[in-house]
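Scroll down for the structure; my scribbles are underneath it.
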Amino acid sequence: MLLVDGEPVSASASPTSGSSRGGSGGRELVAALMGNPGLRAASERLTAEPERRISSVEAEAAAAPRHVYVFQREFATVDPARVELVGTDEVTTCVGVVIRNNKTGMTSISHMDFPKIVEGGLKQMLELLGDDNAPFDVHLIGGFDDVSTKVVHSAGRKHIKQEGYSYPLCCRILEVLHKSRQQFHLRTFCVLGSNTTTDSYGNTRPIIGGFVVETSSGAVNPASFEMNSRCPDEIVRRIRVSVSSYDPNWQGRLLETYDTHSDAFEIAPACWMPDWAEMASSLNQLSDSEVLLQCSTSPAAEPPHFVENERRIWRYLIENPYWQDTFPKYKPRVFHRTSDGRWSRYSIVSSS
């Protein structure tokens, strides 16, 4: 059940959105919550805060806060005794979900990208949060009014692109949370119109594209992460996002990334066919503007490094066409945190 200011959210009492996308319950919940004065004020405060930048220098310093980063379609549940910060960025049409146990401070974060992973993904997030009767705080951040982006300006040309991804994703997240027997106190609802601005060309884009949670207090702040602070195993983890869509082992699930009990990254294996290298080679021939249009759900809203990240993925696939070379014996790639804040690779996790 969803609660705001301690009171249950009544979807049936709210006006119904005119959109035909998503379940009617989700549409009514979105309408009710977007109109809540307290949540609107919280969104305004959050979008007005300066962005915290997590740098690679900070990430590798022994005295720096220990943090965990999740990519698209990943999740991680962290213990505040081990991890001080947990976050994500590169959020455009996706939605970042935070669920925190108020009694223990255990915090789970995910980077949701598709409605069909929501129900299974939320179940994964809740598994390690502890006492079912504990009050859980929830923050939903990301997504924007992408359906209003009708014309994309790039390379001096206009391209028509009208697709909406954020709205049905938000509807589904709210539906699943609201039908649960667990009580979820919604503290932040900075999504859709509350998280939308317009660029000089008239394209809509998100105000907040990333955030970080302080596990000790539960405070949430806008944030961005430098490349090396998204480690370990950045490129392999990015590849998993793409190949997992075709892998039945990951249908309806978030990608497993981080082991809560050992404070280690265990990058669960994924596989791809050798012809992915051929597809990667073909895609790498595209111009930058073509990469944006063909590979992004929000080409006008992507960060400047989006295209280069795609090309790094393709180069890896070209150089490593066989997944067995990346995941020998279909075992996780394991990384332990060292005393100086770096990550040390263990190639194969022992069987147990």
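Bear in mind that the values here come from a model prediction, so they are computed numbers and not experimental data. Quick note: numbers below take in every heavy atom, side chains included, and nothing from hydrogens, waters or symmetry partners.
In this structure, M125 is not a member of the same hydrophobic cluster as V91, with clusters built from ILVMFWY side-chain heavy atoms closer than 4.5 Å. I207 and F211 fall within a single hydrophobic cluster, where Ile, Leu, Val, Met, Phe, Trp and Tyr side chains are chained together by heavy-atom contacts under 4.5 Å. Cluster membership for M1 and F189, using ILVMFWY side-chain heavy atoms within less than 4.5 angstrom, is not shared. In terms of hydrophobic clustering, with Ile, Leu, Val, Met, Phe, Trp and Tyr side chains grouped at heavy-atom distances under 4.5 Å, V4 and L140 are assigned to a common cluster. There is a path of hydrophobic side-chain contacts, each under 4.5 Å, that joins L2 to I173.
Defined by atom type and a distance below 3.5 Å, a donor-acceptor pair is present between the side-chain atoms of R311 and N284. For the residue pair S281/E278, the side-chain donor-acceptor check at 3.5 Å is not satisfied. The closest side-chain donor-acceptor pair between S262 and D259 falls under 3.5 angstrom. In summary, the side chains of D145 and Y167 do not present any donor paired with an acceptor at a separation below 3.5 Å, with no hydrogens or angles considered. For T215 and R100, the side-chain atoms include no donor-acceptor pair closer than 3.5 Å. Side chain to side chain, T326 and Y316 meet the donor-acceptor criterion of an N or O pair below 3.5 Å.
Side chains of C271 and F327 form no contact here, defined as non-hydrogen atoms less than 4.5 Å apart. Using a 4.5 Å heavy-atom cutoff, the side chains of L33 and E28 are not in contact. You'll find the side chain of K103 reaches within 4.5 Å of the side chain of P135, heavy atoms only. Inter-residue side-chain proximity for L283 and V291 is flagged as unmet; no heavy-atom pair is nearer than 4.5 Å. The shortest side-chain heavy-atom distance between P232 and R237 falls under the 4.5 Å cut-off. Residues L129 and I99 form a side-chain contact, since some pair of their non-hydrogen atoms from C-beta on lies under 4.5 Å apart. No side-chain heavy atom of T197 sits less than 4.5 Å from a side-chain heavy atom of T47. Residues L192 and S166 are in side-chain contact: their nearest non-hydrogen atoms beyond the backbone lie under 4.5 Å apart.
Residue A270 comes nearest to D247 through the heavy atom pair CA-OD2, 4.3 Å, listed as atom of the first residue, atom of the second, then distance. Scanning all heavy atoms of the two residues, the minimum distance from V9 to H178 falls at O-CE1, 3.0 Å. In terms of heavy atoms, F144 sits closest to N195 at CB-O, 3.7 Å. The shortest heavy-atom contact between L46 and V220 is CD1-O, 3.6 Å. Between D79 and M106, the closest heavy-atom pair is CA-SD, 3.5 Å. Scanning both residues, F184 and L177, for their nearest heavy atoms gives CD1-O, 3.6 Å.
Taking OG from S242 and CG from L317, the interatomic distance works out to 8.0 Å, rounded to the nearest 0.5 Å. Atom CG of N36 sits about 8.5 Å away from atom CG of L186, to the nearest 0.5 Å. Separation of atoms OG (S344) and NE2 (H336) is listed at 8.0 Å; rounding is to 0.5 Å. We find the SG-CD1 distance between C94 and I141 to be 14.0 Å, quoted to the nearest 0.5 Å. Taken from CD in E310 to CD in Q294, the straight-line distance is 11.0 Å, to the nearest 0.5 Å. Taken from CG in L255 to OG in S244, the straight-line distance is 4.5 Å, to the nearest 0.5 Å.
The residues K331 and E266 are annotated as not salt-bridged, no charged nitrogen and carboxylate oxygen being separated by less than 4.0 angstrom. By the 4.0 Å N-to-carboxylate-O rule, D146 lies too far from R205 to be salt-bridged with it. Ion pairing between a basic and an acidic side chain is recognised when a charged N comes within 4.0 Å of a carboxylate O; E256 and R253 show such pairing. The residues R172 and E119 are annotated as salt-bridged, a charged nitrogen and a carboxylate oxygen being separated by less than 4.0 angstrom. A salt bridge links E308 with R315: the distance from a Lys NZ or Arg NE/NH1/NH2 to an Asp or Glu carboxylate oxygen falls below 4.0 Å.
Heavy atoms from other residues, nucleotides or ligands lying under 6.0 Å from CE of M279 number more than 12.
In this structure, S298 contributes its side chain and A301 its backbone to no donor-acceptor pair below 3.5 Å. Judged purely by atom type and a 3.5 angstrom limit, T104 has no side-chain atom pairing as donor or acceptor with the backbone of N102. With S217 contributing its side chain and A219 its backbone, the two residues share a donor-acceptor pair below 3.5 Å. Side-chain N or O atoms of D5 include none that pairs as donor or acceptor with a backbone N or O of E7 at under 3.5 Å. Looking only at distances, no side-chain donor or acceptor of D325 sits under 3.5 Å from a matching main-chain atom of N320. No donor-acceptor distance shorter than 3.5 angstrom exists from the side chain of T198 to the backbone of G202, with no hydrogens or angles considered.
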Between R240 and E74, is the salt bridge (Lys or Arg N to Asp or Glu O under 4.0 Å) condition met? List the steps. CA-CA 10 Å; R240 288 196 318 160; E74 291 185 342; 3.2 Å; yes
Kindly indicate, with the supporting measurements, whether the criterion salt bridge (Lys or Arg N to Asp or Glu O under 4.0 Å) is fulfilled by D233 and R345. CA-CA 9 Å; D233 226 13; R345 168 82 190 280; 5.8 Å; no
Between H185 and F136, is a ring-ring contact (aromatic ring centres under 6.0 Å, His included) present by the stated rule, with each step listed? CA-CA 6 Å; H185 296 264; F136 285 177; 9.5 Å; no
Can T196 and T204 be said to form a side chain to side chain donor-acceptor pair (under 3.5 Å), step by step? CA-CA 6 Å; T196 300; T204 56; over 6 Å; no
S55/E226 under side chain to side chain donor-acceptor pair (under 3.5 Å): CA gap, chis, key distance, verdict: CA-CA 5 Å; S55 71; E226 289 188 359; 4.9 Å; no
Test side-chain contact (heavy atoms from CB on, under 4.5 Å) on V138 and R187 and set out the steps. CA-CA 6 Å; V138 173; R187 306 300 185 185; over 6 Å; no
Residue pair R238, E90: steps toward the salt bridge (Lys or Arg N to Asp or Glu O under 4.0 Å) verdict: CA-CA 12 Å; R238 289 186 185 276; E90 300 181 339; 3.0 Å; yes
Assess the residue pair R312 and E234 against the criterion (salt bridge (Lys or Arg N to Asp or Glu O under 4.0 Å)); give the C-alpha distance rounded to whole Å, side-chain angles, the decisive distance to 0.1 Å, and a yes or no. CA-CA 10 Å; R312 289 193 297 132; E234 178 207 357; 2.5 Å; yes
Which atom pairs, donor and acceptor, lie under 3.5 Å between side-chain atoms of residues 108-118 and protein residues at least two apart or in another chain?
| from | atom 1 | to | atom 2 | distance (Å) |
| --- | --- | --- | --- | --- |
| S108 | OG | T77 | OG1 | 2.9 |
| H111 | ND1 | T88 | OG1 | 2.9 |
| D113 | OD1 | R73 | NE | 3.2 |
| D113 | OD2 | Q72 | NE2 | 2.9 |
| D113 | OD2 | R73 | NE | 2.9 |
| D113 | OD2 | R73 | NH2 | 2.9 |

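For residues 256-315, every residue pair satisfying the ring pair (Phe, Tyr, Trp, His ring centres under 6.0 Å) rule, not counting sequence neighbours, is listed here: Y246-W276, Y258-F265, F265-W343.
Residues that satisfy the side chain to side chain contact (heavy atoms under 4.5 Å, CB included) test with E84, not counting sequence neighbours, are P65, R66.
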